[in-house]
Amino acid sequence: MDFNGSGGGNELHNNQFYPSEESKPLLGEMSAQPPPPPEGNNNHKAGPCSKRSLLHSSSGMRYKLLQEGDIQVCVVKYPRTFLSKLLTSKFLRRWEPHHLTLTDSSLVSATPTGYMEAPLSYSTIEDLQLLSWDNAPKYCVQLSFPGGTVLLQAANSYLRDQWFHSLQWKKKIYKYRKVLNNPSRWDVVLKEIRALVDMALTSPLQDESIHQAPLHIISTLLAENTNLSAQDHENIIVAIAPLLENNHPPPDLCEFFCKHCRERPRSMVVIEVFTPVVQRILKHNMDFGKCPRLRLFTQEYILALNELNAGMEVVKKFIHSMHGPTGQCPHPRVLPNLVAVCLAAIYSCYEEFINSPPRHASTPTYRKQLLPMSFHFCMDAAQVDYKAAHDIICGEFKKLQGSPYVGYSSDLCVSAVQILCLMLEYNIIENKDTQLQIISTLESTQVGLRMYEQLCDRQRELKELQRKGGPTRLTLPSKSTDADLARLLSSGSFGNLENLSLAFTNVTSACAEQLIKLPSLKQLNLWSTQFGDAGLRLLSEHLACLQVLNLCETPVTDAGLLSLSSMKSLCSLNMNSTKLTADTYEDLKAKLPNLKEVDVRYTEAW
């Protein structure tokens, strides 16, 4: 649209915009576009994302994707007479306040009256620009559509840019969704997918949906086109690989990946693309119960590894890669997630055996080996030292490589005995009569008797350790609660405890009452717990010797963090992803002279 008339002149036709979104061809036209320039080339007009990249690199700002917000709206139609030209001049323009919602297909007002009586579809927007010349309306975004222009005026420049990038994203994703829902030539579709991925990666918007929306579009595309060749599948997987580096695949895409692992287990895509995806799932997934298809994909991926030459050796190396060079588990979520995958494999073996008994002898070797191995995972998950867990896991692989197949019945019998022993060891059953029944059951078989004797030996060693002062290191399993910690610390002597990890448990500030009873405590890991300000204040009053404290992803704020200034022995402090402010950070640095290692990423102080 145009501002003609007094004062308005031909301002909107002036080419001094501060960035402009050019209409970029999709599908049909993209194949005719020249490729983007090589790195180092300053000709920004050659690439399809050049103006976005130029803005992105120059400003470095990040924005959250807007879904709705308050903004001033002005609509100017192209003037056709002297009177209409006069009415559209900048002195007579009328602005209306609206609460706009950015839906998937249009811009909608919560009060559909005046300028925004009807939704403004993204398909009708011809151009999207920021106004930045002298005497232009301040903080305005211009939306050009056939026959006129819509001006959106924000309260400040940051909100203006946020509206601009959010509208730009919604408009483009709407086009890609529409075009990829009706594919014609698959070579051109692949180019569209690469352009879509590039758009998501270069967007200044920081929001989970920025990467998830393209993945969902591609999931729909694959679900509706089941006749693609295997090469088309691999090309699409490689094209979307950059989006999977920091994002879990959605459920439908997991189904597609599972199918690819089953049908083409020896494909290079399995090793080169799926490996980092599965590693990320094992490190970051919190609950496979909420994401069962992620677990199924992980299981199918490991089965695909087993189909390679020296398959068990490849699987062993993959498990080893999850533990780092020092042999210690790098992330407390890995072991429980591997346990979940193993238990799921046992259940699938059982289903296969029940549904088709004659075929049990041809069951894949890896699933068969998961039966005994998974319970080693279960026991290790509750142990104090993760290095021991790592050594047992790797040792188990070596033993299993040469073990003969003994059938489902004996495997399930051994697994059942191990479960009964675990129930006794961790006091899952409190009823004494039931415990005696379990002991009688264990003593009725040679395997059960042997395992029960080993359990008794472990218990005697634990009591002896507690009599001498207890362990120096302790890690509680995930989902442990304040009550679990209190029960554990009251069960014996822990006066020598120096290193305690409560990472990824369900403890809260209430457990501080128990922690202050540990006089030798020097290292405390509270990563991803609900430990808050009240607990911090109590720790700062009693644990003056604490040297290492991990508060990553906890709900602590400045109110609690300021109390740490009295803990002069602190030399390592992790406040990643907390509500730390820059002022509090500077105050802590000034008051903690021994502080050498600090992590403040993803905070205001970063």
Side-chain angles (χ1 to χ4, degrees), residues 246 279-280 283-284 321-335 384-387 389-390 471-476 478 485 496-505 507-509 511-512 515-516 518-606:
N246 296 305
Q279 287 176 332
R280 186 180 188 281
K283 288 182 179 181
H284 293 274
S321 73
M322 302 301 299
H323 289 264
T326 62
Q328 289 189 343
C329 185
H331 204 297
R333 295 191 187 108
V334 171
L335 205 56
V384 173
D385 190 355
Y386 274 94
K387 184 178 187 303
H390 167 271
T472 58
R473 297 169 56 90
L474 181 64
T475 299
L476 261 66
S478 61
L485 178 63
N496 290 342
L497 189 62
E498 296 180 355
N499 187 326
L500 175 62
S501 177
L502 303 176
F504 308 102
T505 62
V507 299
T508 66
S509 294
C511 75
L515 298 178
I516 62 176
L518 302 172
S520 303
L521 193 62
K522 295 179 180 179
Q523 300 181 32
L524 178 59
N525 188 350
L526 295 167
W527 186 3
S528 193
T529 64
Q530 292 303 308
F531 197 90
D533 294 336
L536 274 188
R537 285 191 285 267
L538 195 58
L539 293 185
S540 65
E541 295 172 2
H542 296 84
L543 296 181
C545 297
L546 199 64
Q547 298 175 3
V548 179
L549 180 59
N550 189 343
L551 298 171
C552 179
E553 297 180 17
T554 58
V556 295
T557 66
D558 286 348
L561 292 169
L562 282 171
S563 64
L564 298 179
S565 58
S566 63
M567 305 177 74
K568 304 300 182 182
S569 298
L570 274 180
C571 57
S572 177
L573 181 59
N574 188 336
M575 297 176 284
N576 185 325
S577 304
T578 63
K579 296 179 181 179
L580 171 73
T581 63
D583 291 341
T584 299
Y585 178 45
E586 294 300 325
D587 187 70
L588 288 174
K589 286 197 297 183
K591 295 180 179 179
L592 297 175
N594 295 319
L595 200 59
K596 298 177 181 178
E597 296 180 3
V598 186
D599 188 347
V600 295
R601 290 175 296 170
Y602 308 107
T603 67
E604 184 184 309
W606 187 28

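In this view, D583 satisfies the salt bridge (Lys or Arg N to Asp or Glu O under 4.0 Å) rule with no residue, not counting sequence neighbours. T557 meets the side-chain hydrogen bond (donor to acceptor under 3.5 Å, both in side chains) test with D533; sequence neighbours excluded. T508 is linked by a side-chain hydrogen bond (donor to acceptor under 3.5 Å, both in side chains) to D482, counting only residues two or more places apart in sequence or in another chain. Legend: residues meeting salt bridge (Lys or Arg N to Asp or Glu O under 4.0 Å) with K589, ordered by chain and number and at least two apart, are E586. Q523 is linked by a side-chain hydrogen bond (donor to acceptor under 3.5 Å, both in side chains) to N499, counting only residues two or more places apart in sequence or in another chain. For L595, the side-chain contact (heavy atoms from CB on, under 4.5 Å) partners are L570, L573, L592, V598, not counting sequence neighbours. For S577, the side-chain contact (heavy atoms from CB on, under 4.5 Å) partners at least two apart in sequence or on another chain are E553, Y602. Partners of T584 according to the side-chain hydrogen bond (donor to acceptor under 3.5 Å, both in side chains) rule, which considers only residues two or more places apart in sequence or in another chain, are D558, T581. The side-chain contact (heavy atoms from CB on, under 4.5 Å) check on N594 picks up nothing, with sequence neighbours excluded.
Of all heavy-atom pairs between L485 and C511, the closest is CD2-CB, 3.7 Å. Heavy-atom minimum distance, L518 versus L500: CD1-CD2, 4.1 Å. Minimum interatomic distance between S509 and G532 (heavy atoms only, all atoms of both residues): OG-N, 2.7 Å. Nearest heavy-atom pair across T554 and L526 is CG2-O, 3.1 Å. In terms of heavy-atom proximity, M575 sits nearest to V600 at CE-CG1, 3.9 Å.
Under the salt bridge (charged side-chain N to carboxylate O under 4.0 Å, His left out) criterion, the residue pairs touching residues 597-606 are D599-R601, with sequence neighbours excluded.
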Which pairs of donor and acceptor atoms, one on a side chain in residues 537-545, lie under 3.5 Å apart (sequence neighbours left out)?
unit_1: S540; atom_1: OG; unit_2: L536; atom_2: O; d: 3.4
unit_1: S540; atom_1: OG; unit_2: R537; atom_2: O; d: 2.7
unit_1: H542; atom_1: ND1; unit_2: L538; atom_2: O; d: 3.0

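Listed for the K596 side chain is no donor-acceptor partner under 3.5 Å among the backbone atoms of P593. Judged purely by atom type and a 3.5 angstrom limit, R280 uses its side chain to pair as donor or acceptor with the backbone of N246. For K591 (side chain) and M567 (main-chain N/O), no donor-acceptor pair under 3.5 Å exists by modelled atom type.
No more than 12 heavy atoms of other residues, nucleotides or ligands sit less than 6.0 Å from atom CD of Q530.
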Mind running side chain to side chain contact (heavy atoms under 4.5 Å, CB included) on L524 and F531 for me, showing each step along the way?
CA-CA 12 Å; L524 178 59; F531 197 90; 5.7 Å; no
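Shown are L476, N550, N574, L551; of these, the side chain to side chain contact (heavy atoms under 4.5 Å, CB included) with N525 is made only by N550.
From K522, atom NZ reaches atom SG of C571 across 10.5 Å, with rounding to the nearest 0.5 Å.
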